[in-house]
*Asks:* 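Mind having a look at this structure? Questions to follow.
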Amino acid sequence: MSTELVGLALLMFLVTYPSRAVGLLAPGIDRLPPIALAYLQLVGPAVLTAIAAISVMVATDAAGDTHFQIGIEWLAVGACLAVVVWRRNLFLGLAAAVLIAVIARAIGVPSVIL
Amino acid sequence: MSVFAFAGAAQFAAVGYVVAGVSWPAIVLLTALLNARHLLYSAAMAPWLRGVPFPRRAAAAHLLTDEAFALAIGHFRRLGWPDEWGYWLGAIVSTFIPWNLATLAGVLLGGQIVDPGQFGLDVVFPAAMIGLAVGLMSGRREVVAAATGAVVGVIVALLTSGAIGIVVGGIVGPFAGLLVPSRASHETAPLGTPASAERYAMPGMHAVGSGSVDAARPPEEPPS
């Protein structure tokens, strides 16, 4: 097993940890006004859905350019969303998403990159 | 990398960049950009963990991933008080250990899987993110913030990059959510009450019941 990327991993830690720690360790953040705390409570849904949407709708090519993508991933993630809302069970939602992706790819449903 | 960086999306990207021959400084810069969203998570968690000693908060910060954040913040909001041990359980047992074991399995066995997409594994990450987001939604504010974050994130990602799209979506979405008045009663149920617990309940993730240890714990002052 190669260890040549350990240095890169340490550098990645050095740039990742501050963003995780600043909010938790900075003094006085708990004394923010109520509107700021209300804002922070909405950060989670916004970031998580942005991650999901970008993961399935935006494709990045080898040159680093981004393109709009339409594919079975939309249906898979949408099914997961529907199942979680309906059954309140994330495991079932993930299973549904994987099943849809596997079946669609087995029968050759393509993704369209615009 | 899974131990030190412990950042799934950044690791996937970094491996791709290494294979493509991108220089280390460029990879580190892209990692910083991709993980900038953790600043938002950290700030959102801070009011809940204000009573935790500094060294434990410093250690908790290293484990603050997308999944750990979503599990913890949903758990805290269901209970109405910051369950620190719940955070450690979610971050270490549910995330850190499985992530590193799976990384090891991938190193040892991954070469035998020619196309992971064939097994639908690539949709697990976005599906998990959207599923975890649902667990944080209790009313129209969260829904508007989530929808706006997604739309703005995709638009910005198409114009710039995915990493920037995530951060901008995460910043703009909550502003849109705050424009929604919280009139509905289900949005104003006090945290820690049965109504609040029912609102956030997700079988298989956590249950709050009368007589449980959680219910017996005296609630602390919620952050807002």
Side-chain angles (χ1 to χ4, degrees), chain A residues 1 5 8-13 15-17 19-26 29-30 32 34-35 37-58 60 62 64 66 68 73 76-77 80-81 84-85 88-91 93-94 97-99 101-102 105, chain B residues 1 4-5 7 24 28 31-32 35-40 42-47 49-50 57-58 61-62 64 70 73 118-120 123-134 136-137 141-142 145-146 149-150 153-154 157-158 162 165-166 169-170 173-174 177-178 202-204 223-224:
Chain A
M1 192 180 300
L5 294 179
L8 177 62
L10 287 171
L11 290 173
M12 289 172 67
F13 164 79
V15 297
T16 299
Y17 184 77
S19 67
R20 287 171 166 164
V22 164
L24 281 174
L25 303 181
I29 199 162
D30 55 304
L32 291 171
I35 188 71
L37 294 172
Y39 173 91
L40 292 175
Q41 292 217 22
L42 299 175
V43 164
V47 174
L48 295 173
T49 52
I51 291 172
I54 290 170
S55 296
V56 298
M57 294 182 183
V58 179
T60 304
T66 52
F68 192 68
E73 297 82 7
V77 173
C80 176
L81 173 64
V84 174
V85 169
R88 307 295 288 179
N89 189 314
L90 181 57
F91 179 78
L94 294 178
V98 169
L99 191 64
V102 168
R105 286 166 184 166
Chain B
M1 193 179 284
F4 296 127
W24 278 22
V28 170
T31 299
N35 288 335
R37 68 185 185 281
H38 292 128
L39 190 60
L40 300 174
S42 179
M45 288 284 286
L49 298 180
R50 61 187 169 192
R57 272 185 286 142
H62 177 56
L64 190 57
I73 208 81
Q118 185 183 2
F119 300 101
V123 301
V124 170
F125 178 66
M129 292 299 105
I130 203 77
L132 289 169
V134 170
L136 298 179
M137 292 185 195
R141 277 187 166 181
E142 285 88 348
V154 168
L158 289 170
I166 291 168
L178 287 179
M202 181 175 283
S224 64

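Per chain, numbering begins at 1; letters A, B, ... match sequence-line order. The shown structure was predicted, so the numbers you read here are calculated from the model rather than taken from an experiment.
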*Asks:* Quick one: which of A:I54, A:L99, A:V85 has the most heavy-atom pairs under 4.5 Å with chain B, could you say?
*Replies:* A:I54
*Asks:* A:A52 and B:P126: which non-hydrogen atoms are nearest, and at how many Å?
*Replies:* CB-O, 3.5 Å
*Asks:* Just so I understand: if I count every heavy-atom pair under 4.5 Å between each of B:A36, B:A44, B:G169 and chain A, which residue has the most?
*Replies:* B:A44
*Asks:* Pick from A:P45, A:A101, A:G44: which one has the most heavy-atom pairs with chain B under 4.5 Å?
*Replies:* A:P45
*Asks:* Please report the closest heavy-atom contact between A:V84 and A:G93, naming both atoms and the distance.
*Replies:* CG2-CA, 4.3 Å
*Asks:* Should the pair B:H62 and A:Y17 be assigned to parallel (<30°), tilted (30 to 60°) or perpendicular (>60°) ring geometry?
*Replies:* tilted
*Asks:* Of the non-hydrogen atoms in B:L178 and A:Y39, which two are nearest, and what is the gap between them?
*Replies:* CD1-CB, 3.8 Å
*Asks:* Counting only non-hydrogen atoms closer than 4.5 Å, does A:A21 touch chain B with its backbone (N, CA, C, O), its side chain (CB onward), both, or neither?
*Replies:* both
*Asks:* Can you tell which part of B:L40 gets under 4.5 Å to a heavy atom of chain A, answering side chain, backbone, both or neither?
*Replies:* both
*Asks:* With chain B as the partner, which of A:G23, A:S19, A:A97 has the greatest number of non-hydrogen pairs under 4.5 Å?
*Replies:* A:S19
*Asks:* Counting heavy-atom pairs under 4.5 Å to chain B, which of A:L94, A:V98, A:L25, A:I35 comes out on top?
*Replies:* A:L25
*Asks:* CZ of A:F13: more than 12 outside heavy atoms within 6.0 angstrom?
*Replies:* yes
*Asks:* Who wins among B:G153, B:A145, B:G173, B:A150 for the most heavy-atom pairs under 4.5 Å with chain A?
*Replies:* B:A150
*Asks:* How close do B:A7 and B:N35 get, heavy atom to heavy atom, and via which atoms?
*Replies:* CB-ND2, 3.7 Å
*Asks:* Relative to chain A, which of B:A157, B:A146, B:G165 shows the most heavy atom pairs under 4.5 Å?
*Replies:* B:A146
*Asks:* Specify which of A:V43, A:I51, A:V56, A:V58 makes the most heavy-atom pairs with chain B at under 4.5 Å.
*Replies:* A:I51
*Asks:* Who are the salt bridge (Lys or Arg N to Asp or Glu O under 4.0 Å) partners of B:R37, not counting sequence neighbours?
*Replies:* B:D66
